[in-house]
Amino acid sequence: MDYEVVIGLEIHVELNTESKMFCGCSARVFGEEPNTFTCPVCLGFPGSLPVPNEKAVEYTAKIGLALNCNVAGYTKFDRKNYFYPDMPKDYQISQYDLPICYGGYVNVEMEGLAPEGSDPRGYVRRVGITRVHLEEDTGKLTHIGESGRIGGADYSLVDFNRAGVPLVEVVTEPDIRTPDEAKAFAQKLKNIIEHLGVSDCDMEEGSLRCDANVSLRPKGAKELGTKSEVKNMNSFRAIQRALAYEIERHGEVLEGGERIVQETRHWDAAKNVTMSLRSKEEAHDYRYFPEPDLVPMELSKDWIADLRKTLPELPDARKKRFMEIYKLSAYDAELLTSSKAMGDYFEECIKSYSDAKKINNLMMGELSMHLNAANLKIEESAVTPKHLVQLLKLIDDGQISGKMAKDVFKEMFETGKLPKIIVEEKGLVQISNEEEIEKIVDMVLEENQKAVEEYKSGKGRAFGFLVGQVMRLTKDSANPRLVNKILRKKLP
Amino acid sequence: MLHKLTAHELHKKLMNKEVSAVELCKNVFERIGVVEEKVKAYLSLTEEPALSMANEVDEKIKAGNDISHLSGIPTAIKDNMCTKGVKTTCASKILENFIPSYSSTAVKRLFNEDIVMLGKTNMDEFAMGSSTENSAFWITSNPWNLKTVPGGSSGGSAAAVAADEAVFALGSDTGGSIRQPASLCGVVGMKPTYGLVPRYGLIAFASSLDQIGPITKDVTDCALILNAICGKDLMDSTSLDTEIPDYTRALTADIKGLKIGVPKEFMGEGIDAKVKKLVNDALKIFEKMGAVIEEVSLPHVDAALSAYYLIAPAEASSNLARFDGVRYGHRTKQKVENMVDMYSKTRAEGFGDEVKRRIMLGTYALSAGYYEAYYNQAQKVRTLIVDDFNRVFEKYDVLVSPTSPTVAFKVGEKFENPLKMYMSDICTIPANLAGIPGISIPCGLADGLPVGLQIMGKTLDEMTVLRTAYAFEQEFGFKEKPAL
């Protein structure tokens with residue numbers, strides 16, 4: 001039978017506010033010594049009470065607006081009750097039936113990744129946003145023992161630094177159809193939130209976390225199939241791989257005439273499998289009810305309208321502007337705006353160098369290659385926009401060749417030195433003096449009579465060989481354009 | 001005999017240097033030394049810090065500095081309010097050795113007035129009960145008759161004030177926990193409007209109902225303490241941002257033309273005939289002073305008790321989840337199989353029967369499939385009760401009723417029958433559900449035991465409630481004291 005894949009995502013984003021969600025403790029706690037950023041409120045001590053962080057409410061509404069959501073005029077917090085040692089109060093202050101934002105969408109460009117049978121050019125998946133709500137993060141558990149899990153641990157340690165950090169949950173409609181789309185959506189969401197500047201969105205540091213609901217249904221069916229929920233996908237690649245695994249698993253179960261069990265499954269990236277965590281029967285009854293320690297919030301139309309005015313340019317608009325102003329292709333503009341840092345880098349370059357295409361080529365070529373190889377982010381690059389533009393100018397001025405530039409770039413990337421300095425230190429000056437090149441060409445022709453004969457007898461390849469010899473003798477410093485020109489002149 | 005005086009009387013003596021704060025403090029501790037063995041109002045006494053606090057007040061007086069109306073006044077604090085560095089147990093084994101690193105806002109505000117804290121008073125565990133018999137540590141006796149209960153849950157606070165073991169005390173009131181023990185002990189107890197006194201540092205029972213208030217020897221002291229503890233606190237989102245009047249300005253004794261409603265639902269079946277008689281006598285006194293008295297109806301309060309016993313336990317089941325043995329308080333010493341086993345054993349050992357009963361009730365009321373029928377339905381009833389009160393307050397300034405359906409009952413009499421015990425709060429619970437202020441003042445003795453008169457007012461109209469209470473107090477002049 002032909003099945004349709006149905007995926008919905010729940011993405012948690014830690015906000016980068018100064019203070020925690022319900023107390024005055026600093027929220028910048030990543031990597032800090034355990035339990036040093038805590039107080040009676042975020043430790044859930046008896047008698048302590050929460051006071052909402054207004055900045056976090058504002059950030060959440062901003063995210064909602066950026067995702068084309070409605071912002072609620074009336075919203076409230078609820079308690080989600082369950083026992084777990086990383087939860088100081090054994091309930092989480094969250095939002096249940098009246099989230100701050102609801103009913104939005106995100107268009108995800110799926111260039112080249114369209115599902116089979118659809119037009120791959122300019123393919124866009126629109127993903128509905130069910131809701132965006134605000135809650136508090138939990139602490140962090142470390143289980144000491146062989147299993148590494150709470151079951152069978154010798155003992156467990158808990159760090160409450162993270163407890164109470166503002167956490168936004170974005171829930172999508174089940175509109176996603178492939179693992180690629182899921183990954184692209186998550187990346188797009190990260191990109192949008194980065195542009196808003198309200199979260200660090202770092203999957204490794206856990207400031208962006210993704211869970212997925214997956215199900216299969218016969219093609220054309222309206223009703224959803226039984227779903228499984230996949231947790232612990234710690235990278236964009238993990239989202240893709242875990243979902244691909246899960247889809248295959250569902251397919252096999254269904255093809256075998258069996259039923260999918262509704263359950264929560266854990267992605268094990270090392271083993272490349274999902275494993276059952278708990279079944280529906282074991283699922284918590286969260287006993288949501290309105291948080292009586294907080295009063296409902298009213299967000300006025302004016303407040304929302306003012307907030308909308310403060311929204312920065314978002315990736316889609318930025319892409320459009322890059323295409324219009326810098327005449328970049330849709331493909332290039334999409335890549336350049338695929339992260340805030342990337343777009344910022346480009347814009348810093350274009351301030352002092354006008355050829356957008358050349359900037360783009362160098363960013364997508366050498367820069368991306370070296371960043372990927374070193375597993376670095378563009379904002380960590382030793383090659384800054386200033387460096388990159390200087391290199392482009394050296395090429396333009398004919399001081400170095402494009403080929404030399406590759407070596408210079410490598411050194412720039414490794415040492416952080418300016419290209420001018422590297423060129424000087426290495427004496428790497430392109431030979432653009434025609435007389436000088438002519439002398440070398442003469443020398444090469446003299447020493448390579450055989451090649452010259454071959455060329456004369458019509459073997460075109462011999463010409464390239466001769467160019468190569470000239471370049472070798474000049475240690476790649478001869479201007480290739482001139483070498484070509486002079487060789488052609490000399491060879492009849 | 002200093003311990004018999006009120007705060008405002010003692011304030012004059014301190015100002016006139018007739019007595020020092022240290023002398024006063026010692027005098028009250030002497031009193032405690034004599035009667036505490038019988039009453040057992042306190043869970044802990046803090047004599048040393050109390051004397052040093054009193055000494056500081058004396059230094060201020062000596063230096064000619066201004067002192068507040070409550071400076072040097074010996075005070076008892078209910079043991080569910082956090083006191084920095086002083087054990088705060090909620091009368092529960094689960095917090096038996098809990099020493100908070102912070103003080104509750106209400107206590108802090110009293111400290112700012114330089115009160116002298118004597119100790120922490122007994123209560124029903126986590127404020128759940130109407131007799132203080134649910135304390136995990138011991139039973140407190142009613143000073144009027146040691147074989148009877150002082151009421152609850154603030155039984156220790158009310159008994160301490162009645163027995164002159166404190167000049168005044170703080171209590172908390174979720175369904176009558178200040179007013180009912182005040183009634184049973186023959187003292188004044190007030191629950192202000194919900195949100196008027198900040199709850200920060202009050203160990204929560206039911207967050208949407210809990211309210212701190214004073215237990216005093218007269219209405220004047222009550223007003224003085226409200227002046228000190230009311231007002232917005234940035235640490236409590238539910239505390240009201242409202243201007244706080246000088247409550248002593250309400251103490252005028254003039255109630256001519258005051259419209260008093262008497263809800264018939266509070267005078268019906270279940271109210272002891274002797275209690276009813278004393279309340280009717282009180283109404284005659286009001287009438288004589290020029291008030292207009294009419295019977296009114298609050299048709300939905302019949303459902304108040306049921307609604308309360310869904311909402312309060314629901315909130316409690318969540319509020320008490322944090323007592324899990326992970327971060328503080330009791331943790332089981334038994335061998336445990338796993339995390340859930342640790343939770344179960346810790347909580348099984350740490351909580352008493354009534355607390356467990358209410359956690360189960362509340363968990364059930366919030367469970368999937370039952371939420372609509374129980375918790376949500378109870379919230380709807382609550383709205384109807386609020387509407388009932390709003391309707392009668394359009395025409396009436398205050399409502400008057402008995403505080404408790406009976407006088408103090410015998411220790412053990414209702415202990416084995418929770419439903420009977422729950423009925424003790426039938427007259428007080430509606431004010432909590434509606435969030436309105438209510439006071440209990442003594443209106444006589446029946447069989448040698450005090451009867452309390454409840455006066456309820458409009459939201460944030462503590463002034464009229466106090467004026468009515470003060471007028472009655474002046475006219476009636478309840479001077480009896482328990483013979484201890």
Side-chain angles (χ1 to χ4, degrees), chain A residues 22-24 35 38-54 76-93 96-97 139 141 143 149-153 155-158 160 163 283-297, chain B residues 80-82 88 90 94-95 98 100-105 126 195 198-204 206-210 233-239 311 314-315 317-329 338-340 342-343 347 362-371 375-376 379:
Chain A
F22 296 113
C23 65
N35 296 308
T38 57
C39 75
V41 177
C42 58
L43 283 175
F45 267 62
S48 66
L49 293 171
V51 177
N53 181 337
E54 286 174 22
K76 68 172 169 73
F77 288 103
D78 300 274
R79 287 189 188 174
K80 180 180 182 180
N81 294 285
Y82 65 100
F83 280 87
Y84 213 67
D86 63 4
M87 282 231 299
K89 302 182 290 293
D90 288 301
Y91 60 79
Q92 180 188 31
I93 304 178
Y96 186 54
D97 54 345
L141 285 166
H143 305 297
R149 310 278 293 270
I150 197 160
Y155 61 93
S156 300
L157 299 169
V158 56
F160 288 108
H284 301 289
D285 175 0
Y286 291 125
R287 291 173 281 120
Y288 279 102
F289 74 105
E291 166 58 284
D293 285 332
L294 295 168
V295 289
M297 293 179 288
Chain B
N80 61 350
M81 280 170 244
C82 286
T88 301
C90 267
I94 212 151
L95 285 177
F98 178 65
S101 60
Y102 46 95
S103 285
S104 64
T105 300
F126 284 101
R199 292 185 295 119
Y200 190 87
L202 168 70
I203 300 179
S207 310
S208 76
L209 299 157
D210 293 345
D233 173 18
L234 293 176
M235 302 287 276
D236 177 1
S237 302
T238 63
S239 74
I311 294 168
E315 292 181 12
S317 71
S318 174
N319 283 331
L320 271 62
R322 68 186 67 193
F323 304 107
D324 58 8
V326 173
R327 281 146 296 125
Y328 49 77
N338 51 40
M339 176 185 81
V340 172
M342 191 280 277
Y343 284 150
R347 289 164 68 83
T363 304
Y364 188 75
L366 289 174
S367 296
Y370 298 97
Y371 180 90
Y375 181 80
N376 223 18
Q379 289 293 7

**OP:** State, to 0.1 Å, how close A:V51 and B:D236 come at their nearest heavy-atom pair, and which atoms those are.
**Re:** CG2-N, 4.2 Å
Original post:
Using 30° and 60° as the class limits, which term best fits the ring planes of A:F289 and B:Y375: parallel, tilted or perpendicular?
Top reply: perpendicular
Original post:
So which of B:V340, B:N319, B:T88, B:L209 has the biggest tally of heavy-atom pairs under 4.5 Å with chain A?
Top reply: B:N319
**OP:** Please look at B:A314 and chain A and tell me whether the side chain, the backbone, both or neither of the residue comes under 4.5 angstrom of a heavy atom of that chain.
**Re:** backbone
Original post:
If every non-hydrogen atom of B:S237 is compared with every non-hydrogen atom of A:P50, which pair is closest and at what distance?
Top reply: OG-O, 3.2 Å
**OP:** Side chain from CB out, backbone as N, CA, C, O: work out which of these in B:Y371 comes under 4.5 Å of a heavy atom of chain A, or both, or neither.
**Re:** side chain
Subject >> Side-chain heavy atoms of B:R322 within contact of A:S48, under 4.5 Å >> reply: yes
Original post:
Is A:D285 reaching over with its side chain to a backbone N or O of B:A368, donor-acceptor style, under 3.5 angstrom?
Top reply: yes
Subject >> When A:D90, A:N81, A:V41 are compared by non-hydrogen pairs under 4.5 Å with chain B, the top option >> reply: A:D90
Original post:
For B:C82 and A:P46, which heavy atoms make the closest approach, and how far apart are they?
Top reply: SG-O, 3.6 Å
Original post:
Where do B:Y328 and A:G44 come nearest, in terms of heavy atoms and distance?
Top reply: OH-O, 2.8 Å
Subject >> Heavy-atom closest pair, residues A:L294 and B:T238 >> reply: N-CG2, 4.1 Å
**OP:** Show your working on side-chain contact (heavy atoms from CB on, under 4.5 Å) between A:M87 and B:D324 and close with a plain yes or no.
**Re:** CA-CA 10 Å; A:M87 282 231 299; B:D324 58 8; over 6 Å; no
**OP:** Kindly write out the residues that satisfy salt bridge (Lys or Arg N to Asp or Glu O under 4.0 Å) with A:D78, not counting sequence neighbours, or none if the list is empty.
**Re:** A:K76
**OP:** With the side chain counted from C-beta on, respond yes when A:P40 and B:M235 share a heavy-atom pair under 4.5 Å apart, and no when they do not.
**Re:** no
**OP:** Nearest 0.5 Å please: distance from the CG atom of B:D233 over to the CG atom of A:L49.
**Re:** 8.5 Å
Original post:
Atom OG of B:S318 and atom NZ of A:K89: how far apart are they, to the nearest 0.5 Å?
Top reply: 9.5 Å
Subject >> Part of B:L234 lying under 4.5 Å from any heavy atom of chain A >> reply: backbone
Original post:
Where on B:N376 is there a heavy atom nearer than 4.5 Å to chain A: the side chain, the backbone, both, or neither?
Top reply: neither
Original post:
According to the interplanar angle, ranging from 0 to 90°, do the rings of A:F45 and B:Y102 count as parallel (below 30°), tilted (30 to 60°) or perpendicular (above 60°)?
Top reply: perpendicular
**OP:** Answer with side chain, backbone, both or neither: which region of B:S104 has an atom nearer than 4.5 Å to a non-hydrogen atom of chain A?
**Re:** neither
Original post:
From A:T38 OG1 over to B:R327 CZ, what is the distance, rounded to the nearest 0.5 angstrom?
Top reply: 11.5 Å
Original post:
Considering only heavy atoms, which portion of A:D293 lies under 4.5 Å from any heavy atom of chain B: side chain, backbone, both, or neither?
Top reply: both
Subject >> Shortest non-hydrogen separation from A:P85 to B:V326 and the atoms involved >> reply: O-CG1, 4.2 Å
Original post:
Given a strict heavy-atom distance threshold of 4.5 Å, which part of B:Y370 is in contact with chain A: side chain, backbone, both, or neither?
Top reply: neither
**OP:** Have a look at B:Y343 and tell me which of A:F83, A:Y84, A:Y82 forms a ring-ring contact (aromatic ring centres under 6.0 Å, His included) with it.
**Re:** A:F83
**OP:** For A:R287 and B:T363, indicate whether the former's side chain and the latter's backbone hold a donor-acceptor pair under 3.5 Å.
**Re:** no
